[in-house]
Each structure stands twice: as C-alpha cells, then as structure tokens.
Number of protein chains: 2
Amino acid sequence: MRRTPVGRQTRARGIPEATVARLPLYLRALTALSERSVPTVSSEELAAAAGVNSAKLRKDFSYLGSYGTRGVGYDVEYLVYQISRELGLTQDWPVVIVGIGNLGHALANYGGFASRGFRVAALLDADPNVVGSTAAGLPVRHMDELESIVAGQHVSIGVITTPPGAAQQVCDRLVEAGVTSILNFAPTVLNVPDGVDVRKVDLSIELQILAFHEQRKSGEEPEEGPIEEPPVRERTPGPVRAAAAKLRRAAGGKDTKGDSDRQAVLPA
Amino acid sequence: MRRTPVGRQTRARGIPEATVARLPLYLRALTALSERSVPTVSSEELAAAAGVNSAKLRKDFSYLGSYGTRGVGYDVEYLVYQISRELGLTQDWPVVIVGIGNLGHALANYGGFASRGFRVAALLDADPNVVGSTAAGLPVRHMDELESIVAGQHVSIGVITTPPGAAQQVCDRLVEAGVTSILNFAPTVLNVPDGVDVRKVDLSIELQILAFHEQRKSGEEPEEGPIEEPPVRERTPGPVRAAAAKLRRAAGGKDTKGDSDRQAVLPA
DNA sequence: ATGCGTTTGTGAACGTGTGCACAAAGATGG
DNA sequence: CCATCTTTGTGCACACGTTCACAAACGCAT
C-alpha cells in the first residue's frame, strides 16, 4: 500500500504539507501589502499579519529558497510572485461546481475564485428545476454534460456541494471524467483511487470541535464515574457472534459505501 | 508568552487535538451504523467507514477509555453516547450566524446543525434590505440586537459569514458580548483575546492547496533556474531604510489590522 | 476446564511540525 | 574600510502525531 517513500502524500520536492497550507495565508497578507505599495516586509511584520510565529514563517520561506535580504526583509512583489508560482496560481484552473443549492450559489459568487486563477468552468445540477437557471451570471447545466465539459475544458478540479447521498456517485463520475482534485463539502467520506486528491470542508465537524473546547472552558468536563448511564443499551455480555457476522455484511464489503447521514449540505 | 505547559491550546485532559478532530468523523459513521441497528463494530470496520487507519482509531478511543470488548469490538450505541458526551453534544448549543448572504443562508438551512445539538439562536445582518426577511424559517434580525440575544440566550458560539472587511468588527462585538468560540468563514485573520477559540474555514485556501498538488502531478514543477523573471521588480539592492521605516508605519502598530483583501465571502 | 480464534489496548519506533537561539549576511553611517 | 545594527536562515531540541506489532483479554466450542 505504500507507494511513496515518505507517506501518504509525499511532500513533493521538500515542501512540507504544513508549509503548503500556510502559503495561501502569506500570499493573502502579501497581496494586501502589495496593494498598499509597501515595497518590503520583515518576517516579524508579515508573520503578525498572517497570524503565525515569525520563526515558522522564515522556515517556511526557506523551503522555497532564499528570497529575503538580511537586515532588510522580503521584497513584497517578488515574494508574491514566487509563492504564486509555487502554488501553481500563475496558470488558469478551470473548476466545476456540482450541486447548485445555497452553498453552490455562495461558491459561484465567491470572489476569491477568480482572484487567484480559479475560473468556474461550469455549474452542474441534477435537478431539472435548477438546470437552466443562472447563478453568478453562469447558466446551470445538467449533470449529463459533466463528462464533455471536463474533457473539453481540461478541468482537473471539481467541487462537490451536493447532498451527502449523491456525493460518492458524483465523485465517481468526476474521477471517471478525468478530475484529479476534489473539494468536498458534503459530510461524506469519499473513496477515490490513488492519484486523486480529496480535501474536505465540513461545517458540522468544525462546530463539534468548538463545542468540545467550549465544554472544557465551562469546567463541565465529562466525568468518568458511575453517573450518567448510557441511554439505551448497557454493556451486557451475551451472544454476539451472530451479530458480528450480520454486521460484517451490513457494513459493506470492502470500503466505505453506505454512509448516508441524514443531514444535507443543500436541503433546498 | 507561554501560558500553558504544553502549548498553544493545551490538550485539555489528555485528549490530543488530532483525536478531537476525528471524533466527529467516528460519530457520524457510528450514527449511520446505529440507524441500521448494527449492535457492534470492530475497529477495522469502523476505521474503514471513517476513512482512517484502524490503529489510529484504536489509539483515539483509548484516550476516551476502554470502551471496547476484546474479541468482539465496540458497542455502537455505547460509543455514540460516549463520544457525544465527550464532545459536549449532549447539551444544547445556541449559535448566532452573522452575515446572511448566500453562505449564511446555506448554513442556516444546514441540516447538520440541528442534528447534533446545535440550535440557531438568531440570524443577524447589518443590511436593512436583508433584515426582516426570513431564512430557514427564521427572521433575520439587525446587528443591533446582537448583544441582547447573546446575553439573553447564553450564546457562546458565533459564526461569521460577512464580507472580510466587516469580520474583525463583528468578531470584536461577538467577543465583547460574551461569545467565546468563533467559526470564521471570512478570509481574514481574526484577532481575539486569550480564552476565545477561533476556527476558520477558507475556501480559497483549500483550492490553492489542491492547485499546488495538481501542479505537481502535471510534472510542471516550478524550476529554480534563470528562467521566469519576476514580473515587476528585480531584486535590486539600494537605499531601503526609508522604505522599511515607512513600511513599519503602514503595516499597523501591534497586530493584524489592515487586512482588507478584495475578495468577499458574500458579495451579494 | 481448556484451547482456539479474534480483537482490543498500548509500548515503542519513527516521522513530522514547532520554536528557540544564534551565527552569517547584508545595510548603513562615520 | 570598519563598526554597528538589523534581520534572515538554520541547527538543534523537543512536542506531537502516526504506525507497527504484539501481549492480554474475551467469547465460544468442545
């Protein structure tokens, strides 16, 4: 199962994944400085603007090369260019958005798309009532056109904003059509073949993490005592082999299949 | 600057942050099993359903306690309860959403909210044209009501879906009113006092990370050669002290202030 | 009771990420 | 040309996260 010497997602040519995740942050801060015609910036100042530690920032930049000048700082324009190039933002990235509900609309209108080389190649939906309408000035087209659009416009990035039940199916079609990077907003674990990247954005998970910390702050830590019986079933021993066998069937053969949470990304 | 012995966000009582981030994933998979009345599940099966490695899952669960039965697996109902309790989902969490554009609408309609103990206490917006309309059956109320709502309903979690220019301001008001956990969708670095948690969801960053890996796949790695001159300014040495001094003023005194990227979360 | 097959729980090794602290490098002023 | 001041780039130590591999625990059949 191990394909690359390092790990799941080889840190390409020496750039750590954690650093890659911060580059867009630096880029944003630098762009703001650039618009104010600030010529140079120190690691300390830029780090403050990006909300990180300055040593971390310097180390991050050191992976890209020695683009700073000691005693002075970093040239803003030069860094903007270098980071953009490293992230691949100097080229055009056509993107398809599948599932045009509220969230799909929000993304279609999202200004951050166009501003960084991302171009909405098409909006797709399966619902005939939605197909034909327009969002952000673009027509919503039917799922059937997915394959021809992806192939014709060389789309390599797909965004899934469908209800969770449709996500895996849509994902399969995207991959089959040639998409190799997927941004998934549906609360579903997607199965993809090797070589396809998936990143997920999950509202519900973020809130639950906040709730965890919030609970800690309140001092109402869940105590490990005799209190608070489990609501339904006690940990009663008993005949379980048959149950386990049944479970094995129900859980699906080889991978995550039946994950049909009832919550929806786009209830409308 | 170091407040806690471990680090930035002390891992409460022994539960690592990485584990906390996965608990909601396990919970979702377990809930799906529960709905199918599956009584027990092995670490291998549950790990597959959650998209993680089984050893990792077992270690994660070991931080919660010994809730499994060797030779059998984990009792689904029991685990659902324990994880819910650990995450603080057995209590009610009122939430305010500020900024009711497309994204705000999408979140208000999000089914995952209600299904896990999160309740939308109020929808708020500053635009008089939006105030008074309804979203997801709830009236949109004016920002002026923020303080009274937060105080009156004991809201501790706020969601920011405003344009980036308004985010810090809204954040300050939320914190001032008593909110101690914030989920930020605006592409802005928020400054908050100690004791307030911020999690951010940033569309643009996710896409840029995908683009980075996509570029690597294409083999078009940015090469470190004499090619590709920087577009605007060369790395010309020269008198820079005055510039650096000017910069220091422009960048703001103590913290991230002027971060006004032109992209908007909610252009509408 | 005893043995067998299964699955958990965890010690230990390894990889990744973070932050300190400082030498090297450059700018600037005399 | 030299002294001084500023800021980068990085070696090092430590914290955190992941994975392996295996003993201990448990159900079940005989």
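Below, chains carry the letters A, B, ... as their sequence lines are ordered, and counting in each starts from 1.
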request  = Before giving the answer on salt bridge (Lys or Arg N to Asp or Glu O under 4.0 Å), spell out for B/D197 and A/R216 the whole-Å C-alpha distance, their side-chain angles and the decisive distance to 0.1 Å.
outcome  = CA-CA 12 Å; B/D197 277 327; A/R216 293 293 163 122; over 6 Å; no

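When the nucleotides C/dG9, D/dG17, D/dT19 are ranked by their closest atom to the side chain of B/S62, C/dG9 comes out on top. Closest contact between the side chain of B/R22 and the listed nucleotides C/dG17, D/dT18, D/dG9 involves D/dT18. If you check D/dG27, C/dT8, D/dT8 against the side chain of A/R58, the one that comes closest is D/dT8. Nearest nucleotide to the side chain of B/V72, out of D/dT19, D/dT8, D/dG27: D/dG27. Distance from the side chain of A/E17 is smallest for C/dG17 among the nucleotides C/dG17, D/dG9, D/dT18. Side chain of A/Y74, nearest nucleotide from C/dT7, C/dG17, D/dG9: D/dG9.
Between B/L64 atom CG and C/dT10 atom P there is a gap of 12 Å when expressed in whole angstrom units. Taking atom CD1 on A/I15 and atom P on C/dG17, their separation rounds to 12 Å, with Å as the unit. Counting to the nearest Å, the C1' atom of D/dA25 and the CZ atom of B/R70 are 5 Å from each other. Distance B/L57 CG to C/dT10 P: 14 Å, rounded to the nearest Å.
Taking B/Y74 as the reference, B/F61 meet the ring-ring contact (aromatic ring centres under 6.0 Å, His included) condition, with sequence neighbours excluded. In this structure B/D60 satisfies the side chain to side chain donor-acceptor pair (under 3.5 Å) test together with B/T19, B/R22, B/Y26, sequence neighbours excluded. By the side chain to side chain donor-acceptor pair (under 3.5 Å) test, A/N53 pairs with no residue at all, sequence neighbours left out. The side chain to side chain contact (heavy atoms under 4.5 Å, CB included) check on B/S84 picks up B/L27, B/V80, B/L89, B/T90, with sequence neighbours excluded.
In the helix from C/dA1-D/dT30 to C/dG30-D/dC1, the rotation axis of the first five pairs and that of the last five pairs differ in direction by 0°, rounded to 10 degrees.
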Under 3.5 Å, which N/O atoms of the protein pair with N/O atoms of nucleotides 11-14 of chain D?
unit_1, atom_1, unit_2, atom_2, d
D/dG11, O6, A/K59, NZ, 3.2
D/dC12, N4, A/K59, NZ, 3.3

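Between A/D60 and A/G71, the residue anchored nearer the 5' end of DNA chain D, judged by the nucleotide with its closest heavy atom, is A/G71.
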